[in-house]
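Everything on this sheet refers to the single structure shown next.
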There are 2 protein chains.
Amino acid sequence: MKEFLRTKGFKMTPQRELIFRSFFELEEHITVDELYDKVRILDRSIGYSTVWRNLKLICKVGLAEEVNLGDGITRYDRVTKVPHGHLFCISCKKLEEFPVEQLVGLLAQTAGDKSFTPENFKIEIQGFCEKCQKENANDSKNGEDDV
Amino acid sequence: MKEFLRTKGFKMTPQRELIFRSFFELEEHITVDELYDKVRILDRSIGYSTVWRNLKLICKVGLAEEVNLGDGITRYDRVTKVPHGHLFCISCKKLEEFPVEQLVGLLAQTAGDKSFTPENFKIEIQGFCEKCQKENANDSKNGEDDV
DNA sequence: TTGAAAATGAAAGTCGTTTTCATTTAGATT
DNA sequence: AATCTAAATGAAAACGACTTTCATTTTCAA
């Protein structure tokens, strides 16, 4: 990794090492705050902006990308081999993934129809995850708005 | 419209009338700032927060919904009969729509596989619109990064 | 006409993100 | 090993879109 960064003109530092390592160990879709908390456990002196900058750097060198779900918080998603969509639970804010191979063809085709050159796509489904679904079912014994 | 709002416990005011009318006259995907600018032409005394609050109100009563593309700016999309996806031009930031009927089935099915109950979905394709595509083609006479 | 609830405009507050700046550090070059 | 320059760091401030507060005004049902 040090070499990889060097060839791109970046230096390795203890902080960076720690941040990178933590990021790649963690589950996907982490926020700056979450990563900050995690690295602070290992090194109390690391600053928020350093974590933020390194997350940006990870994106810049192509190892992650920002994900925006519209809740105002940027998440960082490791760039994986397989394109995927997101299932965002409205209730607990948890983010799951789902495969999208079947969709890619259709999307490209759709975009193509409009003389639009796609570079990237995002598919997000908002709803309730299995867990919250059950909990909500319990909450609404006296159904609020239908049948 | 006045009646419609009254039944929901909201009052009509000259400012609200103007804001609603402007919103529904305008093209889709407007931002608060854009609508603010537009109504200010007709009434210099309208405040930003009034425009913002009314845009929220339009959403609350189900006539529009917020769209978040990840550029940090909330757009307001009239609720239309037909579900659609967005084509977001990376270059000029213009937003086009495309139909998604074919996709809906697939998405529901995919989500279903994970015991996830979908409420809403967003499909966004980022890329270059026809116009920017041509312009970029001109810009990159000396191809920067491939073959 | 009147009174309570809703709406308004200006200003301040919030909060995630980004930049600034003084200082330290990495690592290439002597 | 010492030196030097660009990069990196941490703290704090700045930024900007969004949201709330508050004093005042307006709507509209009674």
Side-chain angles (χ1 to χ4, degrees), chain A residues 1-23 29-37 39-61 64-77 93, chain B residues 1-23 29-37 39-61 64-77 93:
Chain A
M1 177 57 80
K2 182 172 176 176
E3 264 313 302
F4 173 71
L5 287 178
R6 256 253 320 296
T7 63
K8 292 177 181 286
F10 302 108
K11 296 172 178 175
M12 183 48 81
T13 67
Q15 295 93 332
R16 175 160 293 166
E17 164 102 43
L18 183 52
I19 293 169
F20 272 53
R21 194 139 41 71
S22 297
F23 176 74
H29 317 113
I30 200 167
T31 63
V32 181
D33 282 355
E34 286 165 357
L35 187 54
Y36 177 61
D37 288 347
V39 300
R40 291 274 288 188
I41 292 171
L42 304 169
D43 180 350
R44 294 288 303 164
S45 71
I46 288 184
Y48 178 90
S49 46
T50 298
V51 174
W52 178 81
R53 278 185 289 232
N54 275 288
L55 232 17
K56 286 286 190 184
L57 180 63
I58 292 172
C59 292
K60 191 188 288 185
V61 299
E65 53 191 25
E66 301 191 342
V67 179
N68 259 283
L69 274 357
D71 62 352
I73 297 171
T74 303
R75 283 151 228 270
Y76 294 83
D77 201 355
K93 313 297 182 195
Chain B
M1 177 56 80
K2 182 171 177 177
E3 263 315 299
F4 173 73
L5 287 178
R6 256 252 320 293
T7 65
K8 292 175 182 287
F10 302 109
K11 296 172 178 174
M12 183 49 80
T13 67
Q15 295 92 333
R16 176 159 293 164
E17 163 102 43
L18 182 53
I19 293 169
F20 272 53
R21 193 140 42 72
S22 296
F23 176 74
H29 317 114
I30 198 165
T31 63
V32 183
D33 281 355
E34 286 165 355
L35 187 54
Y36 177 60
D37 288 347
V39 300
R40 290 275 286 188
I41 293 171
L42 303 169
D43 180 350
R44 294 288 304 164
S45 71
I46 289 183
Y48 177 91
S49 46
T50 298
V51 174
W52 178 80
R53 279 185 291 231
N54 275 290
L55 233 17
K56 286 286 191 185
L57 181 62
I58 292 172
C59 292
K60 190 187 286 185
V61 298
E65 53 190 24
E66 301 191 343
V67 178
N68 259 284
L69 275 354
D71 62 353
I73 297 171
T74 303
R75 282 154 229 267
Y76 294 83
D77 202 355
K93 313 297 184 198

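A quick note: this is a predicted structure, and the numbers were derived from the prediction, not measured. When reading the values below, keep in mind they use all heavy atoms of this one structure, side chains included, and skip hydrogens, waters and symmetry mates.
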Could you give the [atom1]-to-[atom2] distance, from [X] to [N], as a whole number of Å?
| X | N | atom1 | atom2 | value |
| --- | --- | --- | --- | --- |
| Glu17(B) | dT27(D) | CD | P | 12 Å |
| Ile58(B) | dA7(C) | CD1 | P | 13 Å |
| Leu57(B) | dA6(C) | CG | C1' | 11 Å |
| Asn68(B) | dT17(C) | CG | P | 13 Å |
| Asp37(A) | dG16(C) | CG | C1' | 14 Å |
| Lys56(A) | dA7(D) | NZ | C1' | 19 Å |
| Tyr36(A) | dG16(C) | OH | C1' | 14 Å |
| Glu34(B) | dC18(D) | CD | P | 11 Å |

With sequence neighbours excluded, give me every salt bridge (charged side-chain N to carboxylate O under 4.0 Å, His left out) pair touching residues 48-59 of chain A. Lys56(A)-Glu66(A)

Can you list everything that forms a side-chain contact (heavy atoms from CB on, under 4.5 Å) with [X]? Sequence neighbours excluded, please.
| X | value |
| --- | --- |
| Arg40(A) | Tyr36(A), Arg44(A) |
| Thr31(B) | Asp33(B), Glu34(B), Ile73(B), Arg75(B) |
| Asn68(A) | Thr74(A) |
| Thr13(B) | Gln15(B), Arg16(B) |

Indicate for each nucleotide in nucleotides 19-30 of chain C, in 5' to 3' sequence, whether protein heavy atoms under 4.0 Å reach the base (B), only the sugar-phosphate (S), or nothing (-). BB-----BSS--

Measuring from [X]:[atom1] to [Y]:[atom2], what's the distance to the nearest 0.5 Å?
| X | Y | atom1 | atom2 | answer |
| --- | --- | --- | --- | --- |
| Ile19(A) | Ile46(A) | CD1 | CD1 | 4.5 Å |
| Tyr48(A) | Thr50(A) | OH | OG1 | 11.5 Å |
| Leu5(B) | Phe20(B) | CG | CZ | 5.0 Å |

Under the side chain to side chain donor-acceptor pair (under 3.5 Å) test, which residues partner Thr7(A), sequence neighbours left out? none

Results of side chain to side chain donor-acceptor pair (under 3.5 Å) for Arg21(B) - residues two or more places apart only: none

Passing candidate, side-chain contact (heavy atoms from CB on, under 4.5 Å) with Tyr76(A), options Leu35(A), Ile58(A), Val67(A), Val32(A): Val32(A)

Closest-nucleotide ordering on DNA chain D, the 5'-leading residue of Ile19(A) and Ile73(B): Ile19(A)

How large an angle, rounded to 10°, do the end axes of the helix from dT1(C)-dA30(D) to dT30(C)-dA1(D) enclose when each is built from five base pairs? 20°

In numerical order, the residues of residues 40-47 of chain B whose heavy atoms come under 4.0 Å of DNA chain D are none

Check whether any side-chain nitrogen or oxygen of Thr50(B) sits under 4.0 Å from OP1 or OP2 of dA7(C), and answer yes or no. no

Counting the atoms with a prime plus P, OP1 and OP2 as sugar-phosphate, which does Asn54(B) contact under 4.0 Å by heavy atoms, base, sugar-phosphate, or nothing? sugar-phosphate

